[in-house]
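Each chain gets a letter, A, B and so on, in the order its sequence line appears, and its residues count up from 1.
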2 protein chains.
Amino acid sequence: MPHCHTHIEKLRQRGYRITPQREIIIKAIAHSTSHLTAEDLLELIRTSSEAINIATVYRTLEMLVEEGLIIRSDLGQGRAVYAPHQHGPHLHLVCRQCGEVFDADHTMACSLREQIWEQHHFEADFSHTTVFGLCALCQKKEE
Amino acid sequence: MPHCHTHIEKLRQRGYRITPQREIIIKAIAHSTSHLTAEDLLELIRTSSEAINIATVYRTLEMLVEEGLIIRSDLGQGRAVYAPHQHGPHLHLVCRQCGEVFDADHTMACSLREQIWEQHHFEADFSHTTVFGLCALCQKKEE
DNA sequence: CTCGCTATTGCGAAAATCCGCAATAAGGAG
DNA sequence: CTCCTTATTGCGGATTTTCGCAATAGCGAG
Ligand SMILES: [Mn+2]
Ligand SMILES: [Mn+2]
Ligand SMILES: [Zn+2]
Ligand SMILES: [Zn+2]
């Protein structure tokens, strides 16, 4: 993946040590095309190379989120999910009934972002906001 | 609290059995003026009456959320927080830097809600949406 | 290339949440 | 009021996530 090297270089420049564990985790996430839980990731890693301790996986994910290299989302399933940054910004519409997740254009939120800025001087980031509600299908099922 | 009886009646009408545990939990939440974690709630209960098993607390909270009598929010702290419904609808602006939570008028999101409806036929509920970002103070600290 | 500082890892245990199951008890029927 | 059905509880244990601490190993200095 093209982004692995960029990520690793960024981390090195920010003073992080590049360990084999970190390289493996970064590569695994960069390869993924969808959202992964920490456990998914560990399983993915186990097949390709020797096991990495689960605590290390959690610590590395936390660090990568904080450094802005990956995205963490809460989709209401109890477990957090992680995605590579090139997954791209979008709103997550999560149906409370069926749990389905729909992606939506995050630029729809830009006027709301401006209003929040004007009223609270809060710099809101809607690039991966989760919005709960009811999907079209489940609305029909409710008559 | 005025809402306790209403809640208990609603549950009874929906076929739930009213146990002492459920009454205590409902009263404790109705009394609270802010967000509580499950553990906060258990501690609150322990002082006023005999202990209730923590599993029962979690199960009851889950049920009350599903029945629409209380609100569950993820404020990015790992633990979910619960609030009585009369806490009222509002957006939660959560600062990624300092963790502070600011309340904002949820009706600001109504045009976004309409756009989402037009494009996805998804009935979005912004009454307790969590929006991450950077608060005014932390922006200044970043120069 | 070698050495030393200290960031990072693995391990074990704690904390938070959820689950299965047997015992209990709410509430409707008689 | 008593009995019966079955929803609910408490308990023990599983699962997910976090944490402290000693052992390990990056990587910059020499
Ligand atoms: Mn996504
Ligand atoms: Mn609130
Ligand atoms: Zn749905
Ligand atoms: Zn802040």
Atom-pair distance ([atom1] on [X]; [atom2] on [N]), nearest Å:
X	N	atom1	atom2	value
A/Gln77	C/dT17	CD	P	17 Å
B/Tyr58	D/dA14	OH	P	19 Å
B/Ile52	D/dT8	CD1	P	15 Å
A/Ile54	C/dA16	CD1	P	19 Å
A/Met63	C/dA7	CE	C1'	11 Å
B/Arg22	D/dG10	CZ	C1'	14 Å
B/Glu23	D/dT8	CD	P	14 Å
A/Ile26	C/dT8	CD1	C1'	14 Å

Student check: side-chain heavy atoms of A/Thr130 and B/Thr130 closer than 4.5 Å:
no
Do other residues, nucleotides or ligands put more than 12 heavy atoms under 6.0 Å from the CZ atom of A/Arg113?
no
Between B/Gly78 and B/Gln21, just flag the one whose closest nucleotide in DNA chain D comes earlier from the 5' side.
B/Gln21
Listed once per pair and sorted, the side-chain hydrogen bond (donor to acceptor under 3.5 Å, both in side chains) pairs that draw on residues 115-129 of chain A, sequence neighbours left out
A/Asp125-A/Ser127, A/Asp125-B/Arg96
Angle between ring planes, B/His35 versus B/His90, binned at 30° and 60°: parallel, tilted or perpendicular?
parallel
Looking only at heavy atoms, the pair that brings B/Asp105 and B/Leu91 closest together is O-CD1, 3.9 Å
Shortest non-hydrogen contact from B/Pro84 to B/Ile71?
O-CG1, 4.5 Å
Nearest to the B/Arg59 side chain among C/dT8, D/dC11, D/dC21, which nucleotide is it?
D/dC11
Select one nucleotide: of D/dC11, C/dT17, C/dG10, the one nearest the side-chain heavy atoms of A/Asn53.
C/dG10
Short of 4.0 Å, heavy atom to strand atom, which residues of residues 9-17 of chain B count as contacting DNA chain D?
B/Tyr16, B/Arg17
Can a side chain N or O of A/Thr19 be found less than 4.0 Å away from OP1 or OP2 on D/dG26?
no
Would you indicate, yes or no, if C/dT17 has its OP1 or OP2 atom less than 4.0 angstrom from a side-chain nitrogen or oxygen of B/Arg79?
no
Does the ring centre of B/His85 sit less than 6.0 Å away from the ring centre of B/His87?
no
